[in-house]
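I have placed the structure first, in the form of structure tokens, so that the comments after it can refer back to it.
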Amino acid sequence: MMKVENLVGGWAGTVIVEDLSLEVRPGECVSVVGRNGVGKSTLLELIMGRASTYKGSVTIGGQDVTKDPAHARSWKGLGYVPQSREVFRSLSVREHFSIAVRPGTWTEERVLEVFPGLAARIDSSAGKLSGGEQQMLAIARCLLTNPRYILMDEPSEGLAPVVVDQLLEAMRVVVNSGDVALLLVEQRIDLAVEFGDRIIVMDRGRIVHQCLPDEVGSDYGEIAEMFGLVG
């Protein structure tokens, strides 16, 4: 499993995530929710090795990767779809695939079956793609590295509803495949509940609540208060 223990970290000496522990089992999807600014994205950056860890540890399949740079964590089975997508605007979809692909069950043919819209844009540069297409490219590129665990940061943000529907249909295929585990940061509770096997609520850099998806209804008042929606 992927395991985070007593993690403390942030940026430039500032602590954003404080004494946080969680685990993601193989094939599982864990959804992380919380209001803006509570440290959700920083948590993913810490696990990926792109933010500064001050204390605690991150292990992947029993291997301690706490001191490893991001590229080494990638080779050990960790994939990342950042909130900003971070595609290379001058490279085509095909070129993105060619630099990412590693041996495994996720091949170019398979990702194009999941994201058929990319097949028609295979020779287009990423800079000419729509926001939704760039998000699909970012996920497809990640899958082609054949990770065991994927960190995904708010994939639906800023997209038109029809595009979100297309993206979610593709994500259902990925989640239901059982090939990868997913740590999903999502602002929308409905999406977090749909995909998550477990729901984690963050506030001020800590986990303040955990529940199963079918428990969210009974816990909604408490969760809404954590989001600042009531009170």
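Predicted model only: the values in this text are computed from it and were never measured. For this chain, numbers begin at 1 and follow the sequence in order.
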Show, in sequence, the C-alpha distance, side-chain angles and deciding distance for Ser124 and Leu129, and conclude whether the side-chain contact (heavy atoms from CB on, under 4.5 Å) test is met.
CA-CA 7 Å; Ser124 298; Leu129 302 182; 4.2 Å; yes
Side-chain heavy-atom pair Leu46, Tyr54 within 4.5 angstrom cut-off
no
If Ile, Leu, Val, Met, Phe, Trp and Tyr residues are connected whenever their side-chain heavy atoms lie under 4.5 Å apart, and connections chain through other members, are Met136 and Leu182 in the same group?
yes
If you look at every heavy atom in Pro147 and Ile150, which pair is closest and at what distance?
CG-CG1, 3.6 Å
Given Gln135, which of Val87, Val164, Val81 fulfils the side chain to side chain contact (heavy atoms under 4.5 Å, CB included) condition?
Val81
Tell me yes or no: between the side chains of Trp11 and Thr42, is some donor less than 3.5 Å from an acceptor?
yes
With a 4.0 Å cut-off, would you call Arg172 and Glu194 a salt bridge?
yes
Measure across Ala140 and Leu118 and return the closest heavy-atom pair with its distance rounded to 0.1 Å.
CB-CD1, 4.0 Å
Applying a strict under-4.5 Å side-chain criterion to I, L, V, M, F, W and Y, I'd like to know whether Val17 and Val65 cluster together.
yes
Rounded to the nearest 0.5 Å, what separation is found between the CD atom of Gln210 and the CD atom of Glu215?
11.0 Å
Candidate pair Asp123 and Arg94, rule side-chain contact (heavy atoms from CB on, under 4.5 Å), full reasoning:
CA-CA 6 Å; Asp123 291 315; Arg94 190 189 306 274; 3.0 Å; yes
At what distance, to the nearest 0.5 angstrom, does CG of Leu112 lie from CD1 of Ile122?
5.0 Å
Which atom of Tyr149 lies closest to which atom of Val24, heavy atoms considered:
CE2-O, 3.4 Å
How many angstroms lie between atom CG of Leu22 and atom CG of Leu7, to the nearest 0.5 angstrom?
8.5 Å
Let me confirm one number: the CD-CD distance from Glu133 to Gln166, rounded to the nearest 0.5 Å.
9.0 Å
Step by step, would you call Ile47 with Leu78 a side-chain contact (heavy atoms from CB on, under 4.5 Å)?
CA-CA 9 Å; Ile47 296 172; Leu78 193 58; 4.0 Å; yes
With sequence neighbours left out, which residue pairs that include part of residues 8-31 fulfil the salt bridge (charged side-chain N to carboxylate O under 4.0 Å, His left out) condition?
Glu18-Arg206, Glu23-Arg25, Arg25-Glu28, Glu28-Arg198
For the residue pair Pro155 and Glu186, establish whether any side-chain heavy-atom pair is separated by less than 4.5 Å.
yes
Are Ile189 and Leu184 connected in a single hydrophobic cluster, I mean Ile/Leu/Val/Met/Phe/Trp/Tyr linked by side-chain heavy atoms less than 4.5 Å apart?
no
Quick one, Ile99 and Leu91 - any side-chain contact, counting heavy atoms below 4.5 Å?
yes
Give the minimum heavy-atom separation between Ile207 and Ser21, together with the two atoms involved.
CD1-O, 3.3 Å
Between the side chains of Asp179 and Arg110, is the shortest nitrogen-to-carboxylate-oxygen separation below 4.0 Å, so that they form an ion pair?
yes
Roughly how far, to the nearest 0.5 Å, is the CD atom of Glu154 from the CG atom of Leu191?
10.5 Å
Tightest non-hydrogen contact, residues Ser90 and Glu95, listed as O-OE1, 4.3 Å
Distance only, no hydrogens: is a donor on one side chain within 3.5 Å (strictly under) of an acceptor on the other, for Glu157 and Gln83?
yes
So Val33 and Ile199, do their side chains get closer than 4.5 Å, heavy atoms only?
yes
Cationic N near anionic O, under 4.0 Å, Arg50 to Glu86
yes
Treating Ile, Leu, Val, Met, Phe, Trp and Tyr as nodes and any side-chain heavy-atom pair under 4.5 angstrom as an edge, say whether Val163 and Val93 lie in one connected cluster.
yes
Do Tyr80 and Leu44 pass the side-chain contact (heavy atoms from CB on, under 4.5 Å) test, and can you show the C-alpha distance, the side-chain angles, and the key distance before you say yes or no?
CA-CA 8 Å; Tyr80 187 33; Leu44 299 192; 4.0 Å; yes
Start with the C-alpha distance between Asp153 and Ser41, add both sets of side-chain angles, then the distance that settles side-chain hydrogen bond (donor to acceptor under 3.5 Å, both in side chains), and finish with yes or no.
CA-CA 7 Å; Asp153 195 356; Ser41 295; 2.7 Å; yes
So which atom in Phe97 and which in Leu137 form the shortest heavy-atom distance, rounded to 0.1 Å?
CE2-CD1, 3.8 Å
Selection residues 57-79 - residue pairs positive for salt bridge (charged side-chain N to carboxylate O under 4.0 Å, His left out), sequence neighbours left out:
Asp68-Lys76
Grouping I, L, V, M, F, W and Y whenever their side-chain heavy atoms are under 4.5 Å apart, do Leu143 and Leu168 come out in a common cluster?
yes
Just by modelled atom types, is the Phe88 backbone N or O under 3.5 Å from a matching donor or acceptor in the His96 side chain?
yes
Less than 6.0 angstrom from the centroid, inside 45 degrees of the normal: does Arg102 satisfy that with respect to the ring of Trp75?
yes
Does Ala126 offer a backbone N or O that forms a donor-acceptor pair with the side chain of Gln134 under 3.5 Å?
yes
In Å, rounded to the nearest 0.5 Å, how long is the span from CE of Met152 to OG of Ser31?
11.0 Å
State, with a plain yes or no, whether a side-chain heavy atom of Met1 is found less than 4.5 Å away from one of Pro26.
yes
Quick one, Lys40 with Asp203, criterion salt bridge (charged side-chain N to carboxylate O under 4.0 Å, His left out). Give me CA distance, side-chain angles, the key distance, then yes/no.
CA-CA 9 Å; Lys40 304 185 303 295; Asp203 190 28; over 6 Å; no
